[in-house]
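What follows is a short report on a single structure.
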Number of protein chains: 2
Amino acid sequence: MPASTSATADPHRHDAKPRRRAGRPAAAVLDQDGITAAALQLIGKSGYEGFTMAALARTLNVAPSALYNHVSSKRDVLVLVQDHLTSFVDVSAFDAEPWDRAVRSWAWSYRDVFSKHTPLIPVIAVLPVTDAPKTLAMYEAVSAGFRRAGFPQERIISAIVALESFIFGSAYDVTAPSDIFDSGSMAESTPNFTAAVARLADQGYENQADVAFELGLGALVTGFGALRG
Amino acid sequence: MPASTSATADPHRHDAKPRRRAGRPAAAVLDQDGITAAALQLIGKSGYEGFTMAALARTLNVAPSALYNHVSSKRDVLVLVQDHLTSFVDVSAFDAEPWDRAVRSWAWSYRDVFSKHTPLIPVIAVLPVTDAPKTLAMYEAVSAGFRRAGFPQERIISAIVALESFIFGSAYDVTAPSDIFDSGSMAESTPNFTAAVARLADQGYENQADVAFELGLGALVTGFGALRG
DNA sequence: CCACTAAATGAATGCCGTTCATTTAGACTA
DNA sequence: TAGTCTAAATGAACGGCATTCATTTAGTGG
């Protein structure tokens with residue numbers, strides 16, 4: 001039976017300990033960690049367009065079908081990659097800094113990690129935490145930070161979800177073309193919008209996505225900070 | 001030359017007026033509006049998994065390749081659908097209510113429309129407004145509302161972008177499974193998170209995604225409201 | 001009636017994720 | 001040592017996908 005990251009647990013498994021019934025073949029060429037690492041490297045080199053099961057198998061010197069002994073679908077591989085990436089999100093500030101600074105630090109880190117992996121966002125956004133242990137560990141660290149800061153327990157999850165939604169949406173902005181708001185030939189019929197875009201451009205040279213992120217993050221942190229007991 | 005919604009404008013076009021050089025064939029079976037309507041209907045019936053160029057052609061009683069006389073790619077069709085959907089977003093409150101209530105009304109409407117079409121979010125989030133006239137019209141209405149409310153011009157776009165990011169991220173939440181936060185067998189190692197999830201569940205029967213959206217939207221509206229002159 | 005052209009056709013292309021019967025080769029048992 | 005069990009790898013195959021292209025169709029203006 002192949003390994004699986006699927007959400008539905010195997011109902012035939014009697015206990016947690018994996019029972020070895022008989023002999024095993026020698027050093028397996030493949031395992032989930034190796035697949036995850038190779039996938040991450042491939043994505044880094046070829047992007048998500050070039051990330052195919054065939055290409056992944058090639059980098060592992062293996063037939064494409066061999067992957068399916070360790071993973072049940074391409075989506076499974078994406079889940080593994082997503083969870084691994086989440087371990088790069090920096091939650092250390094929750095142990096070292098006041099709540100508002102910790103949230104900001106975490107949020108920026110989170111956005112930066114996934115702005116380079118926006119195709120994973122539809123996956124991660126609806127993924128049960130059971131299937132992503134490192135992601136769960138991140139939530140635990142953040143939840144602990146909120147609790148220590150005096151947050152009412154029944155608001156913690158909602159606040160984290162709201163922040164995360166803002167973070168995911170903002171990750172897309174980072175990859176948007178810089179002329180995304182150029183109204184072109186329709187400028188005359190959209191005077192208010194066109195003027196606002198022009199005024200924004202007049203401002204400094206700072207990244208537009210960063211400015212919006214800072215603005216929204218500030219509002220969320222201030223607003224949520226008022227909930228603390 | 002086939003019609004195109006592509007971002008790069010045709011450099012060979014001399015003026016805006018479409019010059020008819022010679023005779024035209026009779027009633028074309030297909031046009032962009034018809035394709036858009038059929039696509040929307042097909043998506044409603046079969047979802048985005050069932051939305052293929054072949055299936056779309058079938059509903060139009062046409063060969064798949066015929067679509068490419070009016071549209072340059074499947075992505076083009078998605079852009080057409082996205083823009084059409086945006087016209088369903090309600091911006092009327094900006095003409096009838098105070099700014100904060102108008103923003104809330106618009107944001108809820110925007111989220112509700114795209115929570116049923118999350119596969120379009122990666123498309124819309126990075127789409128130049130030139131390619132989506134109805135989307136541009138929405139931005140104009142919102143920008144006008146912000147300006148009338150006394151917003152400094154150079155902050156209007158950033159505030160809208162931040163709100164939109166939050167809206168897109170929140171649209172995913174609506175489609176997430178309700179047990180997404182069930183930590184299962186790892187509950188013992190994540191006490192803070194697990195407790196917070198339990199406390200949230202103790203609360204009313206309200207939709208979890210709606211609670212988080214309301215919480216975040218309130219913070220953003222309050223925070224941005226303070227920017228008005 | 002002819003020349004022109006937008007639009008539809010249908011076959012072909014290349015890629016994709018995935019399945020499956022079969023083979024391989026260690027490891028335990030007797 | 002011989003026999004058996006099994007996880008894992010193979011390679012061929014499948015169906016589906018978006019897209020391309022040479023060709024045909026059928027109105028229209030000259």
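The figures here come from the full heavy-atom set of this structure, side chains too, leaving out hydrogens, waters and symmetry mates.
Contacts classified as salt bridge (charged side-chain N to carboxylate O under 4.0 Å, His left out) and involving residues 111-120 of chain B (residues at least two apart or in different chains) are given here: B:R111-B:D210. For residues 40-58 of chain A, every residue pair satisfying the side-chain hydrogen bond (donor to acceptor under 3.5 Å, both in side chains) rule, not counting sequence neighbours, is listed here: A:Y48-A:H117.
Within the 4.0 Å cut-off from OP1 or OP2 of C:dA8, at least one side-chain nitrogen or oxygen of B:H70 is found.
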Using atom names, set out every protein N or O paired with an N or O of nucleotides 20-23 of chain D below 3.5 Å, distance rounded to 0.1 Å.
none

Could you go through nucleotides 13-15 of chain D and list every protein N or O atom that sits under 3.5 Å from one of its N or O atoms, giving the distance for each pair?
none

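Taking B:E140 as the reference, nothing meets the salt bridge (charged side-chain N to carboxylate O under 4.0 Å, His left out) condition, with sequence neighbours excluded. Under the rule for a ring pair (Phe, Tyr, Trp, His ring centres under 6.0 Å), the partners of A:F166 that lie at least two apart in sequence or sit in another chain are A:F213. Residues meeting the ring pair (Phe, Tyr, Trp, His ring centres under 6.0 Å) test with A:F146, sequence neighbours left out: A:W99, A:F151. The salt bridge (charged side-chain N to carboxylate O under 4.0 Å, His left out) test applied to A:E164 returns no partner, not counting sequence neighbours. Residues satisfying the ring pair (Phe, Tyr, Trp, His ring centres under 6.0 Å) test with A:F193, not counting sequence neighbours, are A:F181, B:Y139. Every residue was checked against the salt bridge (charged side-chain N to carboxylate O under 4.0 Å, His left out) condition with B:D179, not counting sequence neighbours, and none meets it. Scored by the side-chain hydrogen bond (donor to acceptor under 3.5 Å, both in side chains) test, B:T59 finds no partners at all (sequence neighbours excluded).
Nearest to the side chain of A:N69, among C:dT9, D:dT19, D:dT10, sits D:dT10.
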**OP:** Kindly indicate, with the supporting measurements, whether the criterion side-chain hydrogen bond (donor to acceptor under 3.5 Å, both in side chains) is fulfilled by A:T86 and A:Q82.
**Re:** CA-CA 6 Å; A:T86 302; A:Q82 179 272 307; 2.8 Å; yes
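Looking only at atom types and distance, the side chain of A:S165 has a donor-acceptor partner in the side chain of B:D173 under 3.5 Å away.
Between the C1' atom of D:dA9 and the CD1 atom of A:I35 lies a distance of 12 Å, rounded to the nearest Å. For B:L60 and C:dT9, the CG to P distance is 11 Å, given to the nearest whole Å. Atoms NZ (B:K74) and P (D:dG16) sit 15 Å apart, rounded to a whole Å. Note: CG (A:L67) to C1' (C:dT19) measures 14 Å, nearest angstrom.
Residues from residues 45-57 of chain B placing a heavy atom under 4.0 Å of any atom in DNA chain D, listed by number, are B:T52, B:M53, B:A54.
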